[in-house]
Amino acid sequence: MPELPEVETTLRGLADSLEGQLIERVTVRERRLRQPIAADFEKKLAGRRLTRLERRAKYLLGTLDSGAIWVCHLGMSGSFRLLAGGNGTAPGRHDHVVLDLGSGHRLLFNDPRRFGLMMLIDDAAGLERHPLFRHLGPEPLGNRFNGPALAARLKGRRGPVKSALLDQKVVAGIGNIYASEALYRAAISPRRRAATIAGQRAERLARAIRAVLAEAIEAGGSSIRDHARVDGTLGYFQHAFQVYDRAGRECGRAGCGGIIRRIVQSGRASFYCPGHQR
DNA sequence: ATTGGTTCCTGCTGGC
DNA sequence: TGCCAGCAGGAACCAA
């Protein structure tokens, strides 16, 4: 599932129920994620109060009253489920981490493919210089992201713009789906060399990125491969996809009439309309 | 420094 | 219906 809009949707679903809560009990049922969950994870997390939950790129960050940061990444198949009064509920298959809260809520982290990540970092300064965070690009929905900022990050890159958008050093939070969707809206071909995105074209792409991400968040994210929100309901932005997984269908842009194509770039599928994306 | 390819893992889909 | 190859939203790692 999870690109920026799905992580943001997860955050919004969890924040009110988690912030201020005591984490009474931590159960790790499977430590083998992208990095193994550290041996002292439970000890450092249990008994702490979570003061604030936020998102950076595709990461969820929880600040604890100890000053440590609880870091979560959903990888390809991770999701959280929040069960009200669920402290007695039995965890299911691929529920790798279980948090029981003072409120009686139970939080389950489920991740079939185990590409997700869960760890604790000692403090905010440690987070800033951590290898996972040090090189992250700007937040696309933040104030500092605009055409010139994007162009600066794409300058000197010889590869295609689509591949560049997936690089978290360029912009943080875009994944394979929203890269194709943003380029479609900006009428830019995914095959165009990244370095040629400047000026008006960069402005158009920056605006398209912001717009598609904001709309997806508004729709509760995209639910493909049955990915659900923290309350089990589905997002519905997948119905608004204009190119992703639509190869062979007609372009919906007025007067275009092009046929959506699927190509592979850096091993990932890209979708675009050759009729109007240049 | 940037890049494309490969890899981790499970589950679903489509073709036979 | 059953089987199995191929593919999937991420990103670290490697060699070039």
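So you know, we letter chains A, B, ... as the sequences are listed, proteins then strands, and number each from 1. As a basis for the values below, the full set of heavy atoms in this structure was taken, side chains included, without hydrogen atoms, waters or symmetry mates.
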Of the listed nucleotides [options], the one nearest the side chain of [X]:
{"X": "A/Phe115", "options": "C/dG10, B/dT2, C/dA8", "value": "C/dG10"}
{"X": "A/Arg93", "options": "B/dG11, C/dA8, B/dT3", "value": "B/dG11"}
{"X": "A/Leu132", "options": "C/dA11, C/dA12, B/dT3", "value": "C/dA12"}
{"X": "A/Arg262", "options": "C/dA8, B/dC9, B/dT3", "value": "C/dA8"}
{"X": "A/Ser266", "options": "C/dG10, B/dT10, B/dG4", "value": "B/dG4"}
{"X": "A/Arg34", "options": "C/dA11, C/dC7, B/dT10", "value": "C/dA11"}

Could you state the [atom1]-[atom2] distance from [X] to [N], rounded to the nearest angstrom?
{"X": "A/Arg113", "N": "B/dG11", "atom1": "CZ", "atom2": "C1'", "result": "9 Å"}
{"X": "A/His135", "N": "C/dA11", "atom1": "NE2", "atom2": "P", "result": "15 Å"}
{"X": "A/Arg153", "N": "B/dA1", "atom1": "CZ", "atom2": "P", "result": "15 Å"}
{"X": "A/Leu33", "N": "B/dC9", "atom1": "CG", "atom2": "P", "result": "12 Å"}
{"X": "A/Arg114", "N": "C/dA11", "atom1": "CZ", "atom2": "C1'", "result": "17 Å"}
{"X": "A/Leu154", "N": "B/dT2", "atom1": "CG", "atom2": "P", "result": "11 Å"}
{"X": "A/Arg134", "N": "B/dA1", "atom1": "CZ", "atom2": "P", "result": "13 Å"}
{"X": "A/Leu74", "N": "B/dC8", "atom1": "CG", "atom2": "P", "result": "22 Å"}

Quick check: on DNA chain B, is the nucleotide nearest A/Gly267 upstream (toward 5') of the one nearest A/Lys169, or the reverse? Name the residue that is more 5'.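 Between the two, 5'-proximity favours A/Lys169.
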
Nearest-nucleotide wise, let me know which of A/His94 and A/Lys155 is further upstream toward the 5' end of DNA chain B.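 This one resolves to A/Lys155.
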
Over all strands shown, is A/Gln168 touching base, sugar-phosphate only, or nothing at heavy-atom distances under 4.0 angstrom?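 Sugar-phosphate: the residue A/Gln168, judged by heavy atoms under 4.0 Å, touches backbone atoms but no base.
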
Would you classify A/Pro5 as touching base, sugar-phosphate or nothing, given that sugar-phosphate means primed atoms plus P, OP1 and OP2, and contacts are heavy atoms under 4.0 Å?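 Here A/Pro5 touches no strand at all.
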
Assess the residue pair A/Phe271 and A/Phe241 against the criterion (ring-ring contact (aromatic ring centres under 6.0 Å, His included)); give the C-alpha distance rounded to whole Å, side-chain angles, the decisive distance to 0.1 Å, and a yes or no. CA-CA 11 Å; A/Phe271 298 88; A/Phe241 291 165; 9.6 Å; no

Report the relative orientation of the aromatic rings in A/Phe109 and A/Phe80; use parallel for angles under 30°, tilted for 30 to 60°, perpendicular for over 60°.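 A/Phe109 and A/Phe80: tilted rings.
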
Can you see if the side chain of A/Arg268 gets near the phosphate of C/dG10 - specifically, an N or O under 4.0 Å from OP1 or OP2?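 It does, given that an N or O in the side chain of A/Arg268 lies less than 4.0 Å from OP1 or OP2 of C/dG10.
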
OP1, OP2 of C/dA11 versus side-chain N and O of A/His73: anything below 4.0 Å?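 Yes, within the criterion.
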
Electrostatic pair A/Asp111:A/Arg32 at N-O distance under 4.0 angstrom: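 No, A/Asp111 and A/Arg32 are not salt-bridged.
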
Return yes when atom CZ of A/Arg134 has more than 12 non-hydrogen atoms of other residues, nucleotides or ligands closer than 6.0 Å, and no otherwise.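 It does: A/Arg134 CZ has more than 12 such atoms within range.
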
Give me the atom names and distance for the closest heavy-atom approach of A/Ile174 to A/Glu3.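 Nearest heavy atoms, A/Ile174 then A/Glu3: C-OE1, 4.0 Å.
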
Atom CZ of A/Arg34 and atom CE of A/Met76: how far apart are they, to the nearest 0.5 Å?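 One finds 11.5 Å between CZ of A/Arg34 and CE of A/Met76.
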
Can you tell me the Watson-Crick or wobble partner of B/dC9, both distances under 3.5 angstrom?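 Pairing partner, where one exists within any strand: none, as none qualifies.
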
